[in-house]
Amino acid sequence: MTLVPIKFKGVQWHHNPREIKFECEKSINELKSPFSSSYIQNMGRKNMRISGSGELYGSDCMEQFSKLFKLFRQGGTGILSIPHMPGIYAVFESLKITGEPKPDILCYSFVFREAMEKKIPVAPSAHIMKYGETLWDVSYMHDIPIDLLIRLNPEIKRPDESQEGFTVILC
């Protein structure tokens, strides 16, 4: 099985890392009452930490690392794409050369931190009409021009009639 390479801000790793870790935690608060039991309060999820290590190999291994280092120094948030995972908005937190130098092999490690404040809602691609909804209602709910919805859904003859259960294509 061939894995898709890791990407961050559109820059692709030449070789996927040997190891990737996802650290997910919640902030839990324990509230104690003087003459009673304690209560647990879930304060929400913390930003995920994605770390890993691997080797860059080949005669251009230093160029591969330089490309990653340039990306690290650039700063800011971007989309981190990891095989078989949805994209994550993240910040490149750490990049290190590890281990002893060897000819044509460079060992490295990295850390990304999820940037939850940068999440962008994913727009739905379809809408199933409920009782009483018309194409005009769908247009308003999803902020899509009615003429576009009519072009995308030619089987709907009248946009002012309810079509309960019909799947409307939105894009």
query: Do Leu135 and Ile146 pass the side-chain contact (heavy atoms from CB on, under 4.5 Å) test, and can you show the C-alpha distance, the side-chain angles, and the key distance before you say yes or no?
result: CA-CA 7 Å; Leu135 204 57; Ile146 189 70; 4.0 Å; yes
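- Under the 4.5 Å side-chain contact rule for hydrophobic residues, Leu95 and Leu71 share a cluster.
- The nearest pair of heavy atoms linking Thr134 to Asp137 is N-OD2, 2.8 Å.
- Contact check for Leu170 versus Leu152: no side-chain heavy atoms found under the 4.5 Å cut-off.
- In this structure, CZ on Arg45 lies 15.5 Å from CE on Met43, to the nearest 0.5 angstrom.
- With hydrogens and angles ignored, the 3.5 Å screen pairs a side-chain donor or acceptor of Asn153 with a backbone N or O of Ile169.
- Here Tyr108 contributes atom OH and Gln64 contributes atom CD; the two are 9.0 Å apart, rounded to the nearest 0.5 Å.
- Contact annotation: the side chain of Ser51 approaches that of Arg49 to within less than 4.5 Å [non-hydrogen atoms, C-beta and beyond].
- Although no hydrogens or angles enter the test, the distance criterion places a donor-acceptor pair under 3.5 Å between the side chain of Ser66 and the main chain of Met62.
- The salt bridge (charged side-chain N to carboxylate O under 4.0 Å, His left out) search around Arg158 returns Asp160, Glu161, not counting sequence neighbours.
- The cluster map of Ile, Leu, Val, Met, Phe, Trp and Tyr, joined by side-chain heavy atoms under 4.5 Å apart, puts Val11 and Ile82 in the same cluster.
- Heavy-atom minimum distance, Asp60 versus Tyr57: OD1-O, 4.1 Å.
- Leu80 CG to Ile88 CD1: the interatomic distance, rounded to the nearest 0.5 Å, is 5.5 Å.
- Within the 3.5 Å criterion, the main-chain N or O of Leu56 finds no donor-acceptor partner in the side chain of His14.
- Closest approach of Gly132 and Ser162 over heavy atoms only: N-OG, 3.2 Å.
- Here the side chain of Gln163 pairs no donor or acceptor atom with the backbone of Ile156 at under 3.5 angstrom.
- With salt bridges taken as basic N to acidic carboxylate O contacts below 4.0 Å, none links Glu164 and Lys130.
- Qualifying ring pair (Phe, Tyr, Trp, His ring centres under 6.0 Å) partners for Phe69, counting only residues two or more places apart in sequence or in other chains: none.
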- prompt: Stepwise, does the side-chain contact (heavy atoms from CB on, under 4.5 Å) test hold for Gln74 with Lys9?
  reply: CA-CA 10 Å; Gln74 192 179 66; Lys9 292 185 173 182; 3.5 Å; yes
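- Note that the CG atom of Leu68 and the NZ atom of Lys70 stand 12.0 Å from one another [nearest 0.5 Å].
- The shortest distance between side-chain heavy atoms of Phe72 and Glu93 does not fall below 4.5 Å.
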task: List the steps and the verdict of side-chain contact (heavy atoms from CB on, under 4.5 Å) for Ile6 and Gln12.
output: CA-CA 6 Å; Ile6 289 180; Gln12 183 172 297; over 6 Å; no
- request: Might you work through the side-chain contact (heavy atoms from CB on, under 4.5 Å) test for Phe22 and Met48, ending with a clear yes or no?
  value: CA-CA 7 Å; Phe22 294 89; Met48 185 175 13; 3.7 Å; yes
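- Counting all heavy atoms, side chain and backbone alike, Phe8 lies closest to Gly76 at CZ-O, 4.2 Å.
- Checked against ring pair (Phe, Tyr, Trp, His ring centres under 6.0 Å), Phe65 has no partners two or more places apart in sequence or in another chain.
- Criterion: ILVMFWY side-chain heavy atoms under 4.5 Å apart, direct or through other members. Under it, Met129 and Leu148 are part of a common hydrophobic cluster.
- A donor-acceptor pair under 3.5 Å is formed between the side chain of Asn47 and the backbone N or O of Glu114.
- Proximity of Arg18 to Glu55: side-chain heavy atoms (C-beta onward) are separated by under 4.5 Å at one or more points.
- Side-chain contact between Tyr89 and Ile79 is present, with at least one heavy-atom pair separated by less than 4.5 Å.
- With a 4.5 Å cut-off on side-chain heavy atoms, Lys21 and Ile50 do not count as touching.
- The same ILVMFWY cluster, assembled from side-chain heavy atoms under 4.5 Å apart, contains both Ile144 and Val138.
- Residue Lys102 places its NZ atom among 12 or fewer non-hydrogen atoms of other residues, nucleotides or ligands, all under 6.0 Å distant.
- The shortest distance between side-chain heavy atoms of Met141 and His127 falls below 4.5 Å.
- No side-chain heavy atom of Val91 sits less than 4.5 Å from a side-chain heavy atom of Phe112.
- In terms of heavy atoms, Asp104 sits closest to Cys61 at C-SG, 3.7 Å.
- The hydrophobic clustering, which links ILVMFWY residues whose side-chain heavy atoms are closer than 4.5 Å, places Met116 and Val111 apart.
- Closest approach of Lys96 and Ser94 over heavy atoms only: CE-OG, 3.7 Å.
- Checked by atom type and distance alone, the side chain of Ser53 never pairs as donor or acceptor with a backbone atom of Ser109 at under 3.5 Å.
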